[in-house]
Undergrad: 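Have a look at this one before I ask anything.
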Amino acid sequence: MDRQYDFAAIEKKWQKYWADKDLFSVTEDPEKQKYYVLEMFPYPSGKCHMGHVRNYSIGDVMARYLTMQGYNVLHPMGFDAFGLPAENAAIKHGTRPDVWTHDNMAEMTEQLKQLGLSYDWDRSVATCTPEYYKWMQWIFIQFFKKGLAYKKKKAVNWCPSCQTVLANEQVVDGVCERCKTPVGKKELEQWYLKITDYAERLLDDLDKLEGWPLKVRTMQKNWIGKSTGAQVFFEIEGFDQKLEIFTTRPDTLYGVTYMVLAPEHAFVQELVAGTEYEKPVAEFLDRLQYLSDIDRNSTTLEKEGLFIGRYCVNPLTGKRVPIYIGNYVLTDYGTGAIMAVPAHDQRDFDFAKKYNIEIIPVIDPGDPAIDVNDLQEAFLTEGKMINSDRFNGMNNREALDAIVAYIEEKGIGKASTIFRLRDWLISRQRYWGTPIPMLYCEHCGWVPEKEENLPVLLPEDVEFTGKGESPLTTSKTFQNGVCPVCGAPARREIDTMDTFLDSSWYFLRYCDARNDKAPWDKEKAKYWMSVDQYIGGVEHAILHLLYARFFTMFLYDIGMSPVEEPFKNLLTQGMVLKDGSKMSKSVGNIVSPEEIIAKYGADTARLFILFTAPPEKELEWSDAGVEGSYRFLNRVYRLVYDAADELKDAPAAFTAQNEDDKSLLFVLNSSIKKVGSDLKERFNFNTAISAIMVLVNELYRYRGLETQNKALLKYALDCLVLLLSPFTPHICEEMWEHLGHSESTYHQPWPKYDESALVQDTIEIVFQLNGKVKEKLNVASGLSKEAFQEAVMAEERVQQQLAGKQIVKIVSVPDRLLNVVVKG
RNA sequence: GCCCUGAUGGCGGAAUUGGUAGACGCGCUGGACUCAAAAUCCAGUGGCCUUUAAAGCCGUGCGGGUUCGAUUCCCGCUUGGGGCACCA
């Protein structure tokens, strides 16, 4: 060991040591309590960025800390390796997606190792390998067998320039994210997963996820979007089918004065066929077609409608109400048709005013300032029912339930719930994804590939043009299959799966990553699952986390997963910013991890990132801050280096000899206590590190003393190194070795604090007058309320403060303060 | 519009159940060491008033309230960030 902190040599040395000793590989050990720490695996774009460093540093500290606490810690890493960039590189540069991806994974793996992360690399997965996607296909087939995967023709996002379907995520502000062409709609037959069957469970379970940030739970709640109300059937005059609508306000049923259908509603064409309304309706539809998705869905779009010449009958009043089509009614929400109550819905109100439609109030606001029969705006809150026959006089909240019961009894409707969540469109017209293991047979229809034939391999004789249908159609042989049911020639599905499927179960695969007989061994999954701590960016708050929950629930239902919820605790880390905005190429404010590691080492990078902000907050990059972290490590290093030699023959047992020893012990033990609680209970790495800094400052003070207790000093330095080791493992291994230890810090037991060292004889307390601090005093600690008050009141300075004042009240808080309320 | 969050020195941030606001770090100032500089070590550092010190006053986005005592709890605002949104 050199007095100069040579981080490059030290980091290389210990990374090799860890790898040689295979220190981070774990197996199921029923004797030990397990802990599963997981960071969201990266897409192998080629280089790690600071967001990765932050994410993995957080996970690494937890994994290392918990290991030292004696847990059997599973801490795996892999790659979410399918996806568009590899294919775009193929289109642009003619590279092979598999080669491109594997090169990137190799490079990123190297970088991750340079950060000193404690991963069990033996469990690594890459979703683009046949060993992985074989089981992806197997899971898809299980969905199909349970009737939860189906193919359906539906209007999807279509980019007319790229000639391909786009996922919702690929439509940014209404244009294609790649070529910026406005996205249109196209009817296509696509595979869907029936996530809507799980909507209720996905929603209800959110309340149980107490280890998740409220923010994420709320976002998922909004996304699932449950509405409760009723479905009601309206007869259409001269038409044999009934119009079904959904409403959250069945209490306003008596106030319905018209109906509005989405222009694309299935009934519309039939209702106007051969009438004078046929042509205007066609024109109305035409105009809507020209609108982009954003304009169509904009809340500021002028509400327009068109009477289509037909009437419905209100099932409660028998009243005839006109049917309109309207641009503000959505085809794919609810039933695509609404009952309109202008008196109690603002949109309906505006629409009714515009087209001169009757407004019937059914709830009386009970406010003299509002004329019920001449409303100036819709009345939305509570009141008493009017114009509602037998329900008149009831509070409208009660009437809501009563009316639902009534329509159920009369068979014209029933209580109902709808969700905003849609089924998951998983087909992608892409090459670089898991092939959907389905075949179309003339006789048998869509059938799954036989499980023993999995995986359905991605063909290599494929052209990448970036246009038209799935690239898999360009393979000469891929589509030619055999029907697994009847043996006739069958055509293979040429679309691949959305990559979000791959990442919806990888945490289960980590439990038994090398299994080639099953997706994983159930006993192993039972030991490791669920993930105790999941860490990743908040940008995955909805899609990834919802899909992973959905998969886990499904896998639980078919007996494959031991748990219903995959992630017990979730930590969403904040972004890394520079100059106030997210690091990005276009802004040109990127600081690369490579650069920082080369200049200061991985330990400094980790320390800076963990110290500068609490993990869930945004982190503003600061070059001066990095310097500070580097300086601190140098300071610790010198402290240990300079002391180590004189401590060689220090005895192991120590006793505190004087006040300085006691002070050091006090700081040492409070640091141990604070670091532990900050790590385990609060994830406050920043304050944990600051506690270690306080200890280092105290050690420097102690080192400046004439007489030092060598045994105590040795003990303190040992503890210091262990406390710091989860944060900056390389330098700590080096210092640990220098302090005369031969084993790695990794499996050392976490230091324990001595409660008795935390008890101080005297303690600084505050004397307040009327709640304002007047004096700071040292008094004996651990006194009773009365004794404490007596001790403080006896102080001369206190007596001076109280001179000539009339005491009204005394509040005594031992070991903290004495507050005297006075008059005059 | 609805929902979730946040607002504390020059800066990043502490204050864990209502009890000394500003821990720790950055920056800055001064000192020691040095021929000098860098590095290092030590000390100081919320504002106002004051030659200095003591003392005092003000201070956690704004306005009220509860309390002996409020960054913390309650009511009403301002404002930054995020999510959802013609959702029937």
Side-chain angles (χ1 to χ4, degrees), chain A residues 213-227 229 245-249 252 259-260 262 296-303 326-330 332-341 345-348 350-351 418-420 538-539 541-542 572 574-575 607-608 611-614 616-629 631-632 634-635 638 674 677-678 681-682 684 686-697 700-701 703-704 764-777 808-822:
Chain A
L214 189 62
K215 178 183 176 174
V216 174
R217 290 194 273 166
T218 313
M219 280 165 74
Q220 292 214 353
K221 213 176 220 169
N222 289 343
W223 185 263
I224 296 168
K226 181 176 177 173
S227 297
I245 60 97
F246 173 82
T247 178
T248 53
R249 295 293 304 276
T252 62
M259 310 293 287
V260 192
R296 175 76 196 271
N297 290 318
S298 153
T299 46
T300 55
L301 180 70
E302 170 84 26
K303 282 158 195 52
N327 63 355
Y328 71 103
V329 177
L330 307 172
D332 54 358
Y333 186 76
T335 61
I338 61 164
M339 65 177 215
V341 187
D345 179 288
Q346 194 57 42
R347 281 160 307 157
D348 296 346
D350 296 340
F351 192 92
I418 60 170
F419 293 92
R420 206 191 72 93
V538 74
E539 65 273 19
I542 297 173
T572 51
M575 284 192 300
L607 187 72
F608 165 74
F611 176 63
T612 304
E616 67 282 357
K617 281 190 87 167
E618 290 178 338
L619 184 153
E620 172 70 30
W621 187 266
S622 151
D623 291 329
V626 179
E627 289 278 357
S629 294
R631 215 154 39 215
F632 172 71
N634 272 286
R635 192 168 146 84
R638 273 193 307 273
K674 174 137 183 73
S677 67
D678 279 354
E681 291 144 32
R682 309 202 310 158
N684 278 15
N686 54 334
T687 52
I689 292 167
S690 80
I692 298 174
M693 287 172 167
V694 171
L695 174 59
V696 170
N697 291 342
Y700 264 85
R701 192 193 66 82
R703 286 286 283 160
E764 192 188 53
I765 63 95
V766 164
F767 170 75
Q768 296 181 335
L769 266 188
N770 293 341
K772 293 200 173 187
V773 179
K774 291 293 173 185
E775 299 288 342
K776 295 185 180 181
L777 310 159
V808 177
K809 184 178 179 179
I810 299 176
V811 181
S812 173
V813 185
D815 295 349
R816 282 195 193 274
L817 58 80
L818 189 82
N819 185 18
V820 179
V821 185
V822 295

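The sequence lines fix the lettering, A, B, ..., with proteins before strands; numbering per chain opens at 1.
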Undergrad: Residues two or more places apart in sequence or in another chain: which of them pass side-chain contact (heavy atoms from CB on, under 4.5 Å) with A:Val813?
TA: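 Listed in chain order: A:Val811, A:Arg816, A:Leu817.
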Undergrad: Pairing check on B:rC33: which nucleotide meets the Watson-Crick or G-U wobble criteria with it, both distances under 3.5 Å?
TA: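 Checking every strand shown, B:rC33 finds no partner, since no pair has both distances under 3.5 Å.
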Undergrad: Counting the atoms with a prime plus P, OP1 and OP2 as sugar-phosphate, which does A:Lys776 contact under 4.0 Å by heavy atoms, base, sugar-phosphate, or nothing?
TA: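 Result for A:Lys776 = base.
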Undergrad: Find the distance A:Ile689:CD1 to B:rC24:C1' and express it as a whole number of Å.
TA: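 Taking CD1 of A:Ile689 and C1' of B:rC24, I get 10 Å after rounding.
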Undergrad: At 4.0 Å (heavy atoms only), tell me whether A:Asn697 reaches a base, stays on the sugar-phosphate, or touches nothing.
TA: sugar-phosphate
Undergrad: Answer with yes or no whether A:Lys774 presents, from its side chain, a donor or acceptor under 3.5 Å of a partner atom in the base of B:rU20.
TA: no
Undergrad: Testing the basics here: between A:Ile542 and A:Gln220, what is the closest heavy-atom pair and its distance to 0.1 Å?
TA: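 In this case the closest contact between A:Ile542 and A:Gln220 is O-NE2, 3.8 Å.
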Undergrad: Base, sugar-phosphate alone, or nothing: which one does A:Arg816 contact when heavy atoms must sit under 4.0 Å apart?
TA: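 Sugar-phosphate, no base atom in range.
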Undergrad: With sugar-phosphate meaning primed atoms plus P, OP1 and OP2, does A:Pro213 contact a base, only sugar-phosphate, or nothing at under 4.0 Å between heavy atoms?
TA: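 No contact.
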Undergrad: Give a yes/no on whether any side-chain N or O of A:Asn686 is located under 4.0 angstrom from OP1 or OP2 of B:rA14.
TA: yes
Undergrad: Between B:rA88, B:rC4, B:rC87, spot the one nearest the side chain of A:Arg420, thanks.
TA: B:rC87
Undergrad: Among B:rG25, B:rC42, B:rA88, which is the nearest nucleotide to the side chain of A:Met693?
TA: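 Side chain of A:Met693 sits closest to B:rG25.
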Undergrad: With both distances under 3.5 Å as the test, what is the Watson-Crick or G-U wobble partner of B:rU16?
TA: none
Undergrad: Could you give the distance separating B:rG81 and B:rG12 at their P atoms, to the nearest angstrom?
TA: 16 Å
Undergrad: Could you let me know what B:rG59 is paired to, Watson-Crick or G-U wobble, both distances under 3.5 Å, or none if it's on its own?
TA: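 By the stated definition (distances under 3.5 Å), nothing pairs with B:rG59.
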Undergrad: Considering only the C1' atoms, how many Å lie between B:rC86 and B:rA21, rounded to the nearest integer?
TA: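 After rounding to an integer number of Å, I get 48 Å for this pair.
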Undergrad: Are A:Tyr328 and A:Phe351, when compared by the centres of their aromatic rings, separated by less than 6.0 Å?
TA: yes
Undergrad: What distance, rounded to whole Å, do you find between the two C1' atoms, one in B:rU71 and one in B:rG13?
TA: 14 Å
Undergrad: Given B:rG83, B:rG13, B:rA88, identify the nucleotide with an atom nearest to the side chain of A:Val329.
TA: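 Of the candidates, B:rA88 comes closest.
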Undergrad: Taking atom P in both B:rA23 and B:rG47, what distance in whole Å separates the two?
TA: 13 Å
Undergrad: Any idea if B:rG13 is syn or anti, going by the 90°-from-0 cut?
TA: anti
Undergrad: Does a nitrogen or oxygen in the side chain of A:Arg347 sit under 4.0 Å from OP1 or OP2 of B:rG1?
TA: no
Undergrad: Under 3.5 Å between N/O atoms: give me all the protein pairs with nucleotides 68-71 of chain B, atom names plus distance.
TA:
from   : atom 1 : to       : atom 2 : distance (Å)
B:rC68 : OP1    : A:Lys809 : NZ     : 3.4
B:rC68 : O2'    : A:Asn819 : ND2    : 3.2
B:rC68 : O2     : A:Asn819 : ND2    : 2.5

Undergrad: Identify each atom pair where a protein N or O and an N or O of nucleotides 26-33 of chain B are less than 3.5 Å apart, giving names and distance.
TA:
from   : atom 1 : to       : atom 2 : distance (Å)
B:rC26 : OP1    : A:Arg631 : NE     : 3.4
B:rC26 : OP1    : A:Arg631 : NH2    : 2.8
B:rG27 : OP2    : A:Arg631 : NH2    : 3.0

Undergrad: Please state the P separation for the pair B:rC11 and B:rU66 - nearest whole angstrom.
TA: 34 Å
Undergrad: Let's test this: given Watson-Crick or G-U wobble pairing with both distances under 3.5 Å, identify the partner of B:rU78.
TA: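 B:rA7 is the nucleotide pairing with B:rU78.
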Undergrad: Does B:rC2 pair with anything, Watson-Crick or G-U wobble, both distances under 3.5 Å, and if so, with which nucleotide?
TA: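 Its partner is B:rG83 (Watson-Crick or G-U wobble, both distances under 3.5 Å).
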Undergrad: Ignoring backbone atoms, establish whether A:Lys772 has a side-chain N or O less than 4.0 Å from OP1 or OP2 of B:rC58.
TA: yes
Undergrad: Looking only at heavy atoms, which two atoms of A:Gly326 and A:Val260 are closest? And how far apart?
TA: N-CG1, 3.3 Å
Undergrad: Is any side-chain N or O of A:Arg638 closer than 4.0 Å to OP1 or OP2 of B:rA39?
TA: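 For A:Arg638, the contact criterion (side-chain N or O under 4.0 Å from OP1 or OP2 of B:rA39) is not met.
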Undergrad: Roughly how many Å apart are B:rG9 and B:rG61, using the C1' atom of each and rounding to a whole number?
TA: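 15 Å, rounded to whole Å.
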Undergrad: What heavy-atom pair brings A:Tyr333 and A:Phe419 nearest, and what distance separates the two atoms?
TA: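 Taking every non-hydrogen atom into account, CE1-O, 4.0 Å.
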Undergrad: Would you classify A:Lys226 as touching base, sugar-phosphate or nothing, given that sugar-phosphate means primed atoms plus P, OP1 and OP2, and contacts are heavy atoms under 4.0 Å?
TA: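 Result for A:Lys226 = nothing.
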Undergrad: Which one, B:rC84, B:rG12, B:rC4, comes nearest to the side chain of A:Thr612?
TA: B:rG12
Undergrad: If you check every side-chain atom of A:Ala613, which of B:rA14, B:rG83, B:rG13 has the closest atom?
TA: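 Selected nucleotide (nearest to the side chain): B:rG13.
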Undergrad: Show the nearest heavy-atom pair for residues A:Asn686 and A:Phe611, with the distance to one decimal.
TA: CB-O, 3.3 Å
Undergrad: With P as the reference atom in both, quote the distance from B:rA37 to B:rA53 in angstrom, rounded to an integer.
TA: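 Looking at atom P only, B:rA37 and B:rA53 are 28 Å apart.
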Undergrad: Just the rounded figure in Å: distance from C1' of B:rA15 to CG of A:Asn684.
TA: 12 Å
Undergrad: Distance check, C1' atoms only: B:rA14 and B:rU8, in whole angstrom units.
TA: 10 Å
Undergrad: Across all strands shown, which nucleotide pairs with B:rU45 by Watson-Crick or G-U wobble geometry, both distances under 3.5 Å?
TA: B:rG27
Undergrad: What nucleotide among B:rG56, B:rA15, B:rC86 has an atom nearest to a side-chain atom of A:Arg682?
TA: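 For A:Arg682, the side-chain atoms sit closest to B:rA15.
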Undergrad: Compare the minimum distances between each of B:rA88, B:rC84, B:rC4 and the side chain of A:Phe246, then state the nucleotide with the smallest one.
TA: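 The listed nucleotide nearest to A:Phe246's side chain is B:rA88.
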Undergrad: For a side chain to side chain donor-acceptor pair (under 3.5 Å) check, start with the C-alpha distance between A:Arg217 and A:Asn222, then their side-chain angles and the critical distance, and finish with the verdict.
TA: CA-CA 9 Å; A:Arg217 290 194 273 166; A:Asn222 289 343; over 6 Å; no
Undergrad: Looking only at non-hydrogen atoms, find the nearest pair between A:Arg638 and A:Tyr700 and report the distance.
TA: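 It is CB-OH, 4.0 Å.
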Undergrad: For A:Pro614 and for A:Asp332, locate the closest nucleotide of RNA chain B by heavy-atom distance; then report the residue assigned to the nucleotide nearer the 5' terminus.
TA: A:Pro614
